[in-house]
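First comes the structure, then the notes that go with it.
Chain identifiers are assigned alphabetically (A, B, ...) following the order of the sequence lines, protein sequences preceding nucleic acid strands; residue numbering begins at 1 within each chain. Note: hydrogens, waters and symmetry copies are ignored here, and every other heavy atom, side chains too, is used. Just so you know, these numbers come straight off a predicted model, no measurement behind them.
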Amino acid sequence: MPELPEVESVRRGLLDLTAGRQVTDVTVLHPRLLRDQPGGPPEFADRLRGGLLGTPRRRGKFLWLPVVDRTDQRLGVAQEADPSQALVVHLGMSGQVRVVVAAAPMHPHTRVVAALDDGYEIRFVDQRMFGRLRMDELVPGADELPRSVSHIARDPLDPRFHARVLVDRLRLRRTVLKRALLDQTLVSGIGNIYADESLWRARLHGERPTFGLPVRTGNRLLAHIHDVLNEAISAGGTSFDALYVNVNGESGWYERDLAVYGREGLACRRCGTPVRRSVFTNRSSFTCPSCQRLSVNRLTA
DNA sequence: ACAACGCCCTGAGGGC
DNA sequence: TGCCCTCAGGGCGTTG
């Protein structure tokens, strides 16, 4: 399940392989991934074909490749023209972005293919098709976000992310910690896995109310989120069921470092208590019933 | 406005 | 063996 670290791994992989390349052809094998695209597959292909790809960018779990329209080109020098649009990618549950030579065998779940001018192809592979692709305009401004990403909050690794801003918002919310961490309009990039890992590290229960959360508690949680995300990036992302792979088709290595996620019944790495699985908002949550208590008067609060 | 629920989608895996 | 049911879950549209 791709979260921020997995998407960042993909972004870094694309950096060397696609930046500065021109898209020579676009093939849509399945329209499902393009369901957000106004005009559907024809408009998607028309806007991407011939475009020059810029430096891949990311916010939270959203990834995009700035595209310089072929009509804006100045003798094919991509860097001299400002991109006005971008190829926006969300991997959903099972999405993969692979860059392979055009002659490579086609994975059966390949949905969209963008051929490049160097003989390689960007292939969007997605078994469950929760992923999304679209061509979107870039909104002028400091962040130059695609319009469809503008509602997504800054992620914890954004240089302009401010913990205090988030903690202040958190303290006003009438919800619980885990739900808030998964709300991409509050803080982006965190999914079910890293939410559980971060809460475990901070010794906080996911069902703890956010309203009136002590500032120091919020800061502590954010510090752990920051650590977890960075460690996962260093490890190349988490891998489950071979659904997540980097652009070369390789799995990440973070899974073996997970402290609670997916470890129902196994000993908590801190205290040895069996990890408990519970269903919360239709999702599995893994907690240590000893380290992460809901009780009000706690020394760690 | 904010909060929460249900839907989309496929394949793996369990039960019988 | 084979069929059917359940589960996995990110984002967003809808509902409250």
Inset, instruction - Taking only the side-chain nitrogens and oxygens of A/Arg173, find out if one of them lies under 4.0 Å from OP1 or OP2 of B/dA3. - result: yes
Legend entry - Between C1' of B/dA4 and CG of A/Leu177, the distance in whole Å: 17 Å
Inset, instruction - Round to a whole Å and report the spacing from NZ of A/Lys61 to P of C/dG10. - result: 5 Å
Legend entry - Whole-Å gap separating C1' (C/dG11) and CZ (A/Arg32): 12 Å
Legend entry - Below 4.0 Å: OP1/OP2 of B/dA4 and any side-chain N or O of A/Arg179: yes
Legend entry - Distance test, side-chain N/O of A/His90 to OP1/OP2 of C/dG11, below 4.0 Å: yes
Inset, instruction - Check whether any side-chain nitrogen or oxygen of A/Ser284 sits under 4.0 Å from OP1 or OP2 of C/dA8, and answer yes or no. - result: yes
Inset, instruction - Mind checking A/Arg35 for me? I need base, sugar-phosphate or nothing, with any heavy atom below 4.0 Å counting as a touch. - result: nothing
Legend entry - Side-chain-base donor-acceptor pair under 3.5 Å for A/Arg132 and C/dG10: no
Legend entry - Presence of A/Thr175 side-chain N/O under 4.0 Å of B/dC2 phosphate oxygens OP1/OP2: no
Legend entry - side-chain N/O A/His109 vs B/dC9 OP1/OP2, d < 4.0 Å: no
Legend entry - A/Gln127 side-chain N/O to B/dT10 phosphate OP1/OP2 under 4.0 Å: no
Inset, instruction - Could you pull out the closest heavy-atom pair between A/Gly265 and A/Pro274, with the gap in Å? - result: O-CB, 3.8 Å
Legend entry - Under 3.5 Å side-chain donor-acceptor pair for A/Ser285 and A/Lys178: yes
Inset, instruction - Using a cut-off of strictly less than 4.0 Å, decide whether A/His151 has a side-chain nitrogen or oxygen near OP1 or OP2 of C/dC12. - result: yes
Legend entry - Phosphate OP1/OP2 of B/dA1 contacted by A/Arg174 side-chain N/O (<4.0 Å): no
Inset, instruction - Please state whether the phosphate of C/dA8, meaning OP1 or OP2, lies under 4.0 angstrom from any side-chain nitrogen or oxygen of A/Arg277. - result: yes
